[in-house]
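Report on the following structure.
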Amino acid sequence: MNDNKPESEVKTPANFIHSIIEEDLRNGKNESRVHTRFPPEPNGYLHIGHAKSICLNFGTAAKYNGKCNLRFDDTNPVKEDVEYVDSIRDDVHWLGFDWGGREFFASDYFDQIYQFAEDLIKKGKAYVCDLTADQIAEQKGTPTRPGIESPYRNRTVEENLDLFRRMKAGEFPEGSKVLRAKIDMASPNMHMRDPIMYRIIFGHHHRTGDKWCIYPMYDFAHGQCDSIEKITHSLCTLEFEVHRPLYDWFVKELEIFAPQQIEFARLNMTYTVMSKRKLLELVKNNFVNGWDDPRMPTISGLRRRGYTPESIRNFSEIIGVAKRDNVIDVSLLEFCIREDLNKRASRVMGVLNPVKLIITNFPEGVVEEMPAINNPEKPEAGNRNVPFTRELYIEREDFMEEPAPKFFRLAPGKEVRLKYSYIIKCEDFVKDPVTGEITEIHCTYDPETLSGRSQSNRKVKGTLHWVSASNALEAEIRLYDRLFMSEDPEDVEEGIDYKTNLNPDSLKILKGFVEPSLSNAQPLDKYQFERIGYFCTDYDTKEGKLVFNRTVSLKDSWTKAKN
RNA sequence: UGACCUAUGGUGUAAUUGGCAACACGUCUGACUCUGGAUCAGAAGAGUCCAGGUUCGAACCCUGGUAGGUCAACCA
């Protein structure tokens, strides 16, 4: 019973990261500051897994009155692109987070990082190595076998400094030399075996252009950037756990501000893939229609699908943060969007798979305006009128010539309520003699069953949605389903490609009809098509052409009972 | 045959630091309903990876196993 408690007093779910932070706060560490960062590499679009990280980083900062920076980790010019920078900014912003002008790029710090490298050389902790990539890999050893030391390991400080400066000056070809940290080739941690700090790349950088021909590796950039920005808690995913000793080593040797790296388990979800590499592959090979295809787990895809920022933030909250590997059931994501859209989406009527229904005792040419409630969950959303006429379309599925048990809908001789309208009775139907398809359903209506009239409270088992055949708008309906058929698409036998698990029916395009109130629907407007599901207007909608994407279906106990 | 990490209902996350395993999703009932939606009421489902130990008492501590994950890119 905390109905009267202000939001801030409501207990928020604890996680191990917040426990660590609260401990730090108690100890007055970092002057009790909390400063996080979200550090994407601009080499792809953000996905729902990033959303988890974004919500964690920005959410944590907000919770402890701290700050969160947006920092692009752009240390590899051959993979990165401004297109991605722009999409990342849009997505983080759309999710509802603001970095208050603290938008940084690792490349902003290249001068400083270069200086750090020289500092390490001068301390005798780094050296220029002339080994080839293959040789370095070879001499690195394996997790169970120690590596061997590079023959260049003991060059003098002067020689190293000279060589490194000449690397910077572009005197050596790509791949001919690297700068390595001098740590321990026998370390059980592979990352401590004289890791590469700088490599030569003559690519064009999206921000620094051709200024540099040497670029720092992740390990010699990330922690340094964190330190420069005085990040207190550097949150990252589990695979960086083994990098932490190196992260700490650089910070210690450089004698610079020491952020604390904390690792958490990345998000996995059923029926989808989450690696940028695979998502890029799906886009590049046209298995989907771009990064923002509504079937993609990208933030832009979810947006186009009709997801709201609130639902994604809530999802991130609900799934929690821990260190064990996890696979979240997509049904939880679907629950989050249904819950949100149930409260906010306007109800409308749309018929996806139409069959004509004629009310034989209703006058021709008459249009009756039926008042309809826009959102029963939100009375202030008001009402609208829906035109009712003699000829309607109803859902083909809502009629059965020979009704199955517990089928509460229309069948010969049966009565049903037309939502916001009359109770009708099925008198007859017309069937195509060749195809066997039902082409027309003939009904009679009872005028006294309209709201407010004498028989309006009569109970019938089923209520159907409908549109007026003469007034409805044609619309393209895109029904999206899960992208993959198997729960774990990547779980394939040796030699089998995960793409064989792609769901061939993940997109079905229909021509349907919607009520005329939708004539002015704008892209991303969200609706509930009564009894069917939540839909949102697609970007492809333009004057005279309506396109709706199905976000998620309504829970459907009839379909479930049928099977 | 190394290092590091992890192990709690079908799924995910808790358990105020040693005190009767809780919440959410999902599943199943029933009520209500002009959405087979929503809402409401209820149920089933784990004895916490295994084996020992400490303790009046262990999901939490100790010992030893087992299983899974990560690490050998001039990627991040």
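Keep in mind the model is a prediction, meaning the values are calculated, not measured. Lettering follows sequence order; numbering is per chain, from 1.
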C1' atom, B:A24 versus B:G18: distance in rounded Å?
27 Å
Between B:G36 and A:Lys461, is there an OP1 or OP2 to side-chain N/O distance shorter than 4.0 Å?
no
Check whether the aromatic ring of A:Trp558 stacks on the base of B:G36, taking stacking as ring centres less than 5.5 Å apart and planes within 30° of each other.
yes
Students often get this wrong, so: under 4.0 angstrom with heavy atoms, is A:Arg347 touching a base, only sugar-phosphate, or nothing?
base
Under 4.0 angstrom, heavy atoms only, what part of the nucleic acid is A:Arg338 near: base, sugar-phosphate, or nothing?
nothing
Would you mind reading off the distance between A:Leu410 atom CG and B:G36 atom P, rounded to a whole angstrom?
14 Å
Between A:Glu281 and A:Lys278, is the closest basic N to carboxylate O distance under 4.0 Å?
no
Donor-acceptor pair under 3.5 Å: do we get one between A:Thr132's side chain and the base of B:C74?
no
Taking a pair to mean Watson-Crick or G-U wobble geometry with both distances below 3.5 Å, B:A73 pairs with none
Taking A:Ile200 as the fixed residue, which of A:Glu171, A:Lys168, A:Met167 is the one that meets the side chain to side chain contact (heavy atoms under 4.5 Å, CB included) rule?
A:Met167
Kindly say whether, by distance alone, the side chain of A:Glu377 makes a donor-acceptor pair under 3.5 Å with the base of B:G37?
yes
Please tell me which of the listed nucleotides, B:C74, B:G36, B:G26, lies nearest to the side chain of A:Ile196?
B:C74
Counting any heavy atom closer than 4.0 Å, what does A:Lys560 reach on the DNA or RNA strands: base, sugar-phosphate only, or nothing?
sugar-phosphate
Please classify the nucleic acid contact of A:Phe407 as base, sugar-phosphate, or nothing, using heavy-atom distances under 4.0 Å.
base
Between B:A76 atom C1' and A:Leu46 atom CG, what is the distance in whole Å?
14 Å
It should be established whether A:Arg199 places a side-chain nitrogen or oxygen under 4.0 Å from OP1 or OP2 of nucleotide B:C75.
yes
Please report, rounded to the nearest Å, how far the P atom of B:A3 is from the CH2 atom of A:Trp249.
23 Å
Reckon A:Glu263 touches a base, only the sugar-phosphate, or nothing at all at heavy-atom distances under 4.0 Å?
nothing
May I have the distance from A:Glu22 (atom CD) to B:U17 (atom P), rounded to whole angstrom?
14 Å
Contact class for A:Ile214 vs. all strands (heavy atom < 4.0 Å): base, sugar-phosphate, or nothing?
nothing
Would you mind telling me which residue lines up with the more 5' stretch of RNA chain B, A:Gly141 or A:Asn43, judged by nearest nucleotide?
A:Gly141
Report which part of the nucleic acid A:Thr142 touches: base, sugar-phosphate, or nothing (heavy-atom distance under 4.0 Å, all strands).
base
Checking side-chain polar atoms at under 3.5 Å, does A:Asp329 have a donor or acceptor matched by the opposite partner on A:Ser331?
yes
Which nucleotide in B:A76, B:A14, B:U11 has an atom nearest any side-chain atom of A:Asp329
B:U11
State, without any angle test, whether A:Thr272 and A:Arg482 hold a side-chain donor-acceptor pair at a distance under 3.5 Å.
no
B:U33 glycosidic torsion: syn (within 90° of 0) vs anti
anti
What distance, rounded to whole Å, do you find between the two P atoms, one in B:A58 and one in B:C20?
12 Å
Roughly, in whole Å, what's the span from CZ in A:Arg324 to P in B:C5?
17 Å
In whole angstroms, how far is the C1' atom of B:U13 from the CG atom of A:Leu333?
16 Å
Return the value, rounded to whole Å, for the distance between atom CD1 of A:Ile88 and atom P of B:A76.
14 Å
Ignoring hydrogens and geometry beyond distance, is a side-chain donor-acceptor pair present between A:Tyr45 and A:Glu83 at under 3.5 Å?
yes
Out of B:A76, B:C74, B:U6, whichever nucleotide has its closest atom nearest the side chain of A:Lys323:
B:U6
Between B:A59 and B:G19, how far apart are the C1' atoms? Round to whole Å, please.
13 Å
Which part of the nucleic acid does A:Val327 contact within heavy-atom distance under 4.0 Å: base, sugar-phosphate only, or nothing?
sugar-phosphate
Span that lies between the P atom of B:G9 and that of B:A14, in whole angstrom
13 Å
Where the side chain of A:Thr463 is concerned, which of B:A72, B:U35, B:G12 is the nearest nucleotide?
B:U35
Mind checking A:Asn189 for me? I need base, sugar-phosphate or nothing, with any heavy atom below 4.0 Å counting as a touch.
nothing
Side-chain donor-acceptor pair under 3.5 Å between A:Asp91 and A:Ser87, yes or no?
no
How is A:His243 classified with respect to the nucleic acid when contacts are heavy atoms under 4.0 Å: base, sugar-phosphate, or nothing?
base
Please classify the nucleic acid contact of A:Thr270 as base, sugar-phosphate, or nothing, using heavy-atom distances under 4.0 Å.
nothing
So among A:Ile424, A:Leu418, A:Ile423, which one has a side chain to side chain contact (heavy atoms under 4.5 Å, CB included) with A:Tyr445?
A:Ile424
With a non-hydrogen cut-off below 4.0 angstrom, is A:Leu238 in contact with a base, only sugar-phosphate, or nothing?
nothing
Run through A:Arg453, A:Arg458, A:Lys425, A:Gln455 and flag the one making a side chain to side chain donor-acceptor pair (under 3.5 Å) with A:Asp446.
A:Arg458
Gap in Å between the two P atoms, one belonging to B:A15 and one to B:A7, rounded
12 Å
Watson-Crick or G-U wobble partner of B:A15, both distances under 3.5 Å:
none
Which nucleotide, B:A38, B:U13, B:A76, lies nearest any side-chain atom of A:Phe240?
B:A76
Let's see if you can work this out: which of B:G37, B:C74, B:C25 has an atom nearest to the side-chain heavy atoms of A:Phe335?
B:C25
Based on the glycosidic angle (syn within 90° of 0, else anti), state the conformation of B:G9.
anti
Among B:C25, B:G36, B:C74, which is the nearest nucleotide to the side chain of A:Arg409?
B:G36
Distance below 4.0 Å between A:Ser456 side-chain N/O and B:C34 OP1 or OP2
no
Heavy-atom nearest nucleotide on RNA chain B taken for A:Val460 and for A:Asn76; more 5' hit belongs to A:Val460
Within the 4.0 Å heavy-atom criterion, would you say A:Pro245 contacts the bases, only the backbone, or no part of the nucleic acid?
nothing
Mind calculating the distance between CD1 (A:Ile373) and C1' (B:U39) to the nearest angstrom?
15 Å
Is the NZ atom of A:Lys284 crowded by more than 12 outside heavy atoms at less than 6.0 Å?
no
From the set B:G36, B:G12, B:C4, return the single nucleotide nearest to any side-chain atom of A:Ile319.
B:G12
Describe the nucleic acid contact of A:Tyr198 in one word from base, sugar-phosphate, nothing, applying a heavy-atom distance below 4.0 Å.
nothing
How far apart are the closest heavy atoms of A:Phe399 and A:Ala411, and which atoms are they?
CE1-CA, 4.0 Å
For the base of B:U35, is there a side-chain donor-acceptor partner from A:Gln528 under 3.5 Å away?
yes
